[in-house]
Amino acid sequence: MSEQTYLPLVEFTRGAIIESIHCGVVVVSDHAGNILFKIGDENLITYLRSTAKPLQVLALLEHPEAAHYHFEDDEIAIMCASHSGTDEHVAVLKKLQQKVGIDENDLQCGTHLPFDRITANQVVRGETRLSTLQHNCSGKHSGMLALAKLLAEPKESYLSPDRPTQQLILQTCGEMLDIPFSRFEMGIDGCSAPVFAVPMRNAAQAYARLCQPDHLTPRRTHACRCVTRAMMAHPFLVAGPERFDTAVMQSLPGKLIAKTGAEGFFGIGIMPDSIKPGSPGIGIMVKICDGDLKERARPVVCMTILRHLGLLTPDVETLLKTYDRGNISNWRDIAVGEVRPSTELLEALQSWKI
């Protein structure tokens, strides 16, 4: 890995001193694979993690027999989600699973406390039962099980990388990413599903294709439009309360999709005509190299890029203020420093003409 793979993206100051720095890579592409902006190594091979979910669900949605399920937008959104496990998320999952003919016992994702703090506290206090339906990946797994049923694959093997369900998902993702899936670097995700690593530039192109599916087959074009429509129509289901992906889609309705991934990954797809009349669909991929466990860097990077694109009106700035650059306060609410985009990021953006 070269010294220029990761570059400073977000700074945290205390007084006049930069106390800590989050480094990473940003790549922006159009649907044809033209790099519109980058900082760091656009060829960095890294796992998309949950940012891949809107791509993974395409294999199901474009299957010739998928119409049998009559999927609604809220159900498609939950299959793309890393949701917070609220009652609203669980209700949609139950509806989806009843339609598919599966239940929570068929999911192989495991369990964890819900991301939503209120729901998690209810579980800790014993007021509600911990369920696989509260797992953030339960929607993706429900979709994979739906595809397995269409392929007549036993439910027990739906996560096996060498079986029909995952092979079809990988093939479809490879076509969207413009890489043969045999060249994917493979691993196992936290939810036990196969996970793949690809160059950042290909991931950005795939999100641009998702938003502007020009030159794709009619069936895939329809599937892409189902995904973007569902995510924009149901941003709460894609993530949940106090989550940046939900907040940014709610604040910019109809203009973009947003999806987080573990270990510092984040993807945004900008819809055509959103920046200005005639502007193309574009994909934005962000990777923070330290994993950004508390998600304090990715929103600042994304806000800086969206501002450069002219998408942040004063009203939107107000709605998303908590995710943007700003003061760092101590326990007495005294401003002691600042979180801000790095000088390197701001200087790089100056050369990107929209």
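Note that the structure is a prediction, hence the values are computed from the model and not measured.
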Tell me whether the count of non-hydrogen atoms from other residues, nucleotides or ligands lying under 6.0 Å of [atom1] in [X] goes above 12.
X: D87; atom1: CG; value: no
X: I334; atom1: CD1; value: yes
X: K321; atom1: NZ; value: no
X: E127; atom1: CD; value: yes
X: D162; atom1: CG; value: yes
X: I35; atom1: CD1; value: yes

Legend entry - Ion pair check, R220 and E62, cut-off under 4.0 Å: yes

Side chains of [X] and [Y] in contact at under 4.5 Å (non-hydrogen atoms):
X: L96; Y: V100; value: yes
X: F236; Y: E88; value: yes
X: K155; Y: L145; value: yes
X: C224; Y: R209; value: no
X: H234; Y: V92; value: no
X: K53; Y: C137; value: yes
X: D189; Y: K140; value: yes
X: L170; Y: M186; value: yes

Side-chain donor-acceptor pair under 3.5 Å between [X] and [Y], yes or no?
X: K259; Y: S82; result: yes
X: S138; Y: H83; result: yes
X: K276; Y: S279; result: no

Parallel, tilted or perpendicular for [X] and [Y], by the 30°/60° rule?
X: H141; Y: Y158; value: perpendicular
X: F37; Y: W352; value: parallel
X: H112; Y: F115; value: parallel

Please report the interatomic distance [atom1]([X]) to [atom2]([Y]), rounded to the nearest 0.5 Å.
X: I45; Y: T5; atom1: CD1; atom2: OG1; value: 11.0 Å
X: I76; Y: T228; atom1: CD1; atom2: OG1; value: 10.0 Å
X: L312; Y: I305; atom1: CG; atom2: CD1; value: 11.0 Å
X: F184; Y: I179; atom1: CZ; atom2: CD1; value: 6.0 Å
X: L147; Y: Y69; atom1: CG; atom2: OH; value: 8.0 Å
X: C211; Y: K255; atom1: SG; atom2: NZ; value: 13.0 Å

Inset, instruction - Verify side chain to side chain contact (heavy atoms under 4.5 Å, CB included) between V248 and L306, making sure each step is shown before the conclusion. - result: CA-CA 10 Å; V248 73; L306 294 175; 3.7 Å; yes

Can a donor-acceptor pair be found, under 3.5 Å and without considering hydrogens, that links the side chain of [X] to the backbone of [Y]?
X: Q205; Y: H31; value: yes
X: E153; Y: T165; value: yes
X: D106; Y: D103; value: yes
X: H22; Y: A297; value: no
X: K99; Y: H70; value: yes
X: T246; Y: P235; value: yes
X: T318; Y: P314; value: yes
X: Q134; Y: T111; value: no
X: H89; Y: A239; value: yes
X: S342; Y: P8; value: yes

Legend entry - Verdict with reasoning, S142 to Q97, per side chain to side chain donor-acceptor pair (under 3.5 Å): CA-CA 7 Å; S142 297; Q97 291 194 343; 3.0 Å; yes

Inset, instruction - Let me see the working for L93 and L107 under side chain to side chain contact (heavy atoms under 4.5 Å, CB included), right down to the final yes or no. - result: CA-CA 12 Å; L93 279 161; L107 302 179; over 6 Å; no

Legend entry - Evaluation steps, side chain to side chain contact (heavy atoms under 4.5 Å, CB included), between Q250 and L320: CA-CA 10 Å; Q250 288 175 336; L320 296 174; over 6 Å; no

Heavy-atom closest contact ([X] atom, [Y] atom, distance):
X: Y207; Y: G283; answer: CB-CA, 4.0 Å
X: D292; Y: R296; answer: OD1-N, 3.0 Å
X: G143; Y: L60; answer: O-CD2, 3.6 Å
X: H63; Y: L151; answer: NE2-CD2, 3.8 Å
X: A230; Y: D73; answer: CB-O, 3.3 Å
X: A258; Y: M231; answer: O-CE, 3.8 Å

Should [X] and [Y] be regarded as members of a common hydrophobic cluster, given that ILVMFWY residues are connected when their side-chain heavy atoms come within less than 4.5 Å of each other, either directly or indirectly?
X: V286; Y: Y47; value: no
X: I275; Y: I268; value: yes
X: I21; Y: I328; value: no

Legend entry - Option among D245, V301, I288, T51 that satisfies the side-chain contact (heavy atoms from CB on, under 4.5 Å) test with F266: D245

Inset, instruction - May I ask you to establish whether R298 and F244 are in a cation-pi arrangement, using a distance under 6.0 Å from NZ or CZ to the six-membered ring centre and at most 45° from the ring axis? - result: no

Legend entry - L9 and I39: CA distance, side-chain angles, deciding distance, side chain to side chain contact (heavy atoms under 4.5 Å, CB included) verdict: CA-CA 9 Å; L9 296 179; I39 179 169; 3.8 Å; yes

